Structures are given as structure tokens and as C-alpha cells.
Amino acid sequence: MKKLTSLLALSAACIATPSQADPLEQAVKADLPSLTAIYRDLHANPELSFKEGRSAGIMAAEAKKAGFEVTTGVGGTGVVAVLRNGPGPVLLLRADMDALPVTEQTGLPYASKTPGVMHACGHDTHMASWIGTARRMAAMKADWSGTLVMIGQPAEEIGSGARAMLKDGLYTRFPKPSTVIAFHDSAALPAGTIGIVDGYAMANVDSVDIVVKGEGGHGAYPHLAKDPIVIASRIVSTLQTLISREIDPLESGVVTVGSFQAGTKHNIIPPEAHLQITVRSYKPEVRQHLLDGIARIAKGEAIAGGMPDDKLPVVTLADQRTPATFNTHEITARMTDVFTARFGKDRVVPARAQMGGEDFSEYYLADTSIQALLLWVGGVRKDKWDAAGGDITKLPSIHSPFWAPDADAVISTAVEAMTTAALTVLKK
């Protein structure tokens with residue numbers, strides 16, 4: 001009889017376990033099949049920057065269904081969903097929507113149906129998680145107070161969407177946030193892991209074009225010409241000294257010549273050569289030093305090559321730039337503690353700043369009194385992570401035609417994390 005009683009007690013304990021589980025975790029788990037279906041639909045139907053009409057429509061419809069006030073067409077195809085829930089702070093959560101001009105090679109059964117376009121950066125997981133978070137926050141209104149602003153942002157991949165939404169009155173037509181938070185899936189972290197960096201998280205991204213002038217002529221008689229290819233080659237070589245010899249070794253920067261174009265035939269010295277350069281930095285003073293240095297080196301090498309003042313290189317800085325993304329200390333430290341308490345220290349890790357760009361930076365720079373956080377959610381499947389031994393050089397990166405995140409792990413982790421962050425900021 002004692003044995004039977006013990007067995008019954010054990011059985012009762014097992015039955016009681018689900019009700020004792022974390023309510024948010026259970027709700028996210030229950031919602032995951034629906035969110036996965038939305039994710040797969042978005043993945044199969046990617047849209048390029050400022051053409052995200054279908055994606056925006058899905059997000060807007062889901063937000064309306066959850067009870068948000070929804071405005072579409074903000075900054076082009078942007079979506080703004082507002083949920084007012086009494087007095088308190090204003091929190092903005094962002095998801096970006098655009099895909100890339102990449103031909104998918106993942107072999108997924110729900111691979112892109114749009115030729116030459118793919119969600120190679122994981123924005124489809126961002127949108128699905130955004131919808132999941134909107135559902136959770138609407139269902140949990142009794143647990144928070146304040147105003148939640150959720151935005152679907154266009155054109156992150158070309159660094160223009162955030163600026164377009166701000167220009168279209170994001171901070172004037174709608175409640176202005178005191179905190180802004182977003183996440184990005186990561187191809188450098190195992191699935192379900194959260195990565196956070198305090199301070200600079202993503203880099204300034206600048207594009208520089210240089211037209212190097214010369215005097216064309218016959219390849220057999222170089223003394224009768226001034227070869228822009230030689231001058232441009234010297235410029236490329238000397239640019240390498242900007243980082244190695246002019247920037248403090250403890251600072252970070254990148255100067256990469258991504259394109260060198262000149263000439264049409266073996267035996268013709270062309271009149272011009274063209275260079276395209278990407279410049280990455282974090283601090284404003286480092287950025288300015290690099291940009292000034294590029295112009296100085298281009299001019300100096302042209303003078304050394306014998307070019308007159310009226311034929312010095314033309315250096316152009318593109319207007320379309322992405323400022324560095326900065327995670328403010330207060331919200332970063334707070335969320336690190338909150339996430340560690342929820343997910344455990346093994347799933348919340350310090351992340352490294354990256355030299356990639358993210359126009360999420362614009363929301364903080366529009367008003368630096370705002371608290372801002374961009375975090376990462378790992379997307380590398382466990383079997384692939386283990387097979388690579390954690391060596392990310394053996395794994396597809398974001399923007400790769402082979403990047404296929406563990407979507408269920410990304411979405412479930414992100415919804416739980418973003419909802420937890422929102423409940424923390426908007427705590428009663």
C-alpha cells in the first residue's frame with residue numbers, strides 16, 4: 001500500500017509539472033507553430049528594401065488583431081503599432097523587414113520563391129518574433145503599464161529605413177520612446193543563446209569613391225603618359241598605413257578597397273582609375289581621421305605621381321551612411337541581469353562589437369537621452385555548431401546564400417526575451 005501511495009504521489013507530481021512551468025515560456029511554446037508558419041511564409045516571399053509591402057501587411061494585420069492602433073506607410077513601407085495601457089514609460093521595439101539580392105542555396109522546402117532575393121540576414125525571424133511579442137504583450141496587459149510602440153522598419157539593408165521613419169515623424173506623430181530595443185539573429189552564436197555587448201555594438205559604415213586621374217596613352221610608351229593605375233595602386237598600398245600606423249592600436253577601424261577598376265585593353269594606359277572603399281569605425285574621432293586620411297593620401301600620391309593641381313583625385317563620401325550603434329550602459333546592464341535570471345548564465349553571454357552596420361543606431365542618435373539596446377539571438381543549429389567545434393569560420397555567415405538559422409529556437413528565444421524586456425521596462 002505504501003508503494004502504491006508513493007507511485008500515486010509521483011504521478012500527481014508529474015501531472016502538476018506543466019501548470020508549475022513558467023507561464024510566459026509555456027505561452028510562447030504554444031504559439032510557436034503559428035509563428036513558425038508565418039516565418040516560413042515570410043521566408044518564401046522575401047522583399048527588397050522599400051518594397052516590403054506584403055511583409056508590412058502581415059505585420060500590420062497581426063498587430064491590429066492583437067488590439068494595437070496601427071499606421072502603415074510610415075517612411076515608405078514602415079509599420080507603427082501602438083498599444084496604450086495606462087500611465088508609464090514609452091518603449092519602442094523594432095523589427096526590420098527587408099531581404100537581400102541573394103540567390104538562396106539552403107535547400108529548405110520553404111526556400112525563397114522570388115528569383116535572386118533571399119532573407120539571408122534573418123529579418124524573417126525578426127518579423128515573426130515581433131508578431132509573437134505583440135501577441136504576448138497584448139495578452140499580458142494586466143502585468144504592465146505604459147505605452148508600447150512596435151515598429152516594422154523597411155530598408156535596414158541599405159541603411160535608410162530608420163532615417164526615413166524618423167523623417168516621417170516617428171518621434172512626433174507617435175509616442176516618443178524613452179527606451180528602444182531590438183534584436184538580431186546571429187550566425188556566430190549557438191541557437192537560443194543571447195549575446196549582449198555594453199557600449200559600441202556595430203560600426204560606422206562609410207563608402208568612399210575615388211576617381212584617380214591620369215593621362216592616357218600607349219602601353220608601349222609609358223613615358224608619354226601618366227598612368228592612373230600606378231597612382232591608384234600606390235593609393236591602395238598607402239591606405240593600409242592608416243590603420244597600422246596612424247590609429248591607436250587599442251582603437252578599431254577598417255579601410256577596405258572593394259573595387260579597383262581601370263582600363264579596357266592590354267596596351268592602353270587609361271585616363272582614369274576608379275576605387276571604391278568601405279570604411280568602418282566606432283568613435284567619431286576615429287571615423288573622421290580615417291576619412292581625412294583617405295583624402296590626404298589620394299592627393300599626396302597623385303602629386304608624387306606628377307599630376308597637376310587640376311588633375312588631382314576626386315574623393316567623394318557617399319551620403320548614405322550608417323552611424324555606429326551604441327548600447328547605453330543602464331539598459332544593457334539591467335537586461336543582462338534580467339535575461340540571466342530568466343535563461344541562465346549559460347545562455348546569456350558577453351558579445352563582441354562587430355564591424356557590420358545597423359541603422360538601429362538612428363533611433364538613439366535622434367535623441368541621446370534615450371536608452372538603447374541591440375542584442376543578438378544565436379541561430380546556429382546545435383548539430384552544426386558542434387560539428388564546427390564553435391569555429392564560426394566553418395559556418396555560413398549572415399548574407400550567405402547558405403544561411404538557414406534554427407528558426408524555432410531564434411523565434412521562441414527572441415519572443416521570450418523581448419517580452420521579458422518589455423515587461424521589465426513597463427513594469428507597474
Side-chain angles (χ1 to χ4, degrees), residues 100-102 157-160 202-324 353-357 393 397 399-401:
L100 287 159
V102 173
E157 295 295 356
I158 61 173
S160 300
M202 304 288 275
N204 291 303
V205 179
D206 288 287
S207 298
V208 179
D209 292 271
I210 304 179
V211 178
V212 181
K213 299 182 179 181
E215 294 177 4
H218 198 297
Y221 314 113
H223 60 294
L224 301 179
K226 293 190 184 298
D227 194 338
I229 294 178
V230 173
I231 295 172
S233 296
R234 289 173 176 167
I235 291 171
V236 172
S237 295
T238 308
L239 286 177
Q240 311 312 308
T241 65
L242 277 173
I243 302 298
S244 66
R245 287 296 177 269
E246 295 190 25
I247 299 299
D248 185 329
L250 299 181
E251 300 292 352
S252 298
V254 171
V255 177
T256 295
V257 179
S259 176
F260 187 138
Q261 300 179 24
T264 58
K265 201 173 186 298
H266 302 74
N267 62 347
I268 298 174
I269 295 174
E272 291 183 348
H274 296 251
L275 302 177
Q276 292 181 318
I277 306 169
T278 188
V279 184
R280 310 294 171 113
S281 58
Y282 295 123
K283 294 183 178 179
E285 59 270 25
V286 173
R287 171 181 179 263
Q288 196 59 53
H289 186 98
L290 294 176
L291 296 177
D292 290 345
I294 289 169
R296 167 172 50 83
I297 287 170
K299 178 180 179 181
E301 292 296 348
I303 292 172
M307 297 308 300
D309 289 348
D310 63 342
K311 288 192 174 182
L312 294 178
V314 177
V315 181
T316 305
L317 176 64
D319 289 336
Q320 195 179 69
R321 65 173 291 253
T322 303
Q354 301 180 19
M355 278 296 172
T393 65
S397 65
H399 291 210
S400 163

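Reckoned from all heavy atoms, side chains included, excluding hydrogens, waters and symmetry mates. All values reported here derive from a predicted model rather than from experimental measurement.
- Counting only distance, with no hydrogens or angles, the side chain of R234 and the backbone of E301 share no donor-acceptor pair below 3.5 Å.
- From L290, atom CG reaches atom CG of L242 across 6.0 Å, with rounding to the nearest 0.5 Å.
- For the atom pair CZ of R296 and CD of E246, the computed distance is 4.5 Å after rounding to the nearest 0.5 Å.
- For the pair Q276 and V257, the minimum side-chain heavy-atom distance is 4.5 Å or more.
- The side-chain heavy atoms of V230 and K226, taken from C-beta on, include no pair separated by under 4.5 Å.
- With contacts defined as side-chain heavy-atom distances shorter than 4.5 Å, the pair I269/P222 qualifies.
- Rounding to the nearest 0.5 Å places CD of Q261 at 9.5 Å from CG of L275.
- You'll find the side chain of V314 reaches within 4.5 Å of the side chain of K213, heavy atoms only.
- Residues satisfying the side chain to side chain contact (heavy atoms under 4.5 Å, CB included) test with N267, not counting sequence neighbours, are H218, K265.
- Rounded to the nearest 0.5 angstrom, S281 OG and Q288 CD are separated by 9.5 Å.
- Nearest heavy atom pair, residue V102 against residue H399, reads CG2-O, 4.1 Å.
- A pairwise comparison of heavy atoms in V315 and A295 identifies CG2-CA, 4.3 Å as the closest pair.
- Taking the side chain as every heavy atom from C-beta outward, E251 and H289 never approach each other to under 4.5 Å.
- The two atoms that bring A298 and I235 nearest to each other are CA-CD1, 3.8 Å, heavy atoms only.
- Residue I231 holds its CD1 atom at 11.5 Å from CD of E272, rounded to the nearest 0.5 Å.
- Going from atom CE of M307 over to atom CG of D309 covers 10.5 Å, rounded to the nearest 0.5 Å.
- In terms of heavy atoms, M355 sits closest to V254 at CG-CG2, 4.0 Å.
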For this session: Kindly indicate, with the supporting measurements, whether the criterion side chain to side chain contact (heavy atoms under 4.5 Å, CB included) is fulfilled by V255 and V208.
Result: CA-CA 10 Å; V255 177; V208 179; over 6 Å; no
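- Closest heavy-atom contact between G357 and V205: CA-CG2, 3.5 Å.
- Looking only at distances, no side-chain donor or acceptor of N204 sits under 3.5 Å from a matching main-chain atom of P323.
- Donor-acceptor pairing under 3.5 Å is lacking for the side chains of S207 and Q320.
- Here the side chains of P270 and I229 are in contact, with some heavy-atom distance below 4.5 Å.
- Counting all heavy atoms, side chain and backbone alike, P228 lies closest to P271 at CG-C, 3.9 Å.
- D310 CG: more than 12 foreign heavy atoms inside a 6.0 Å radius.
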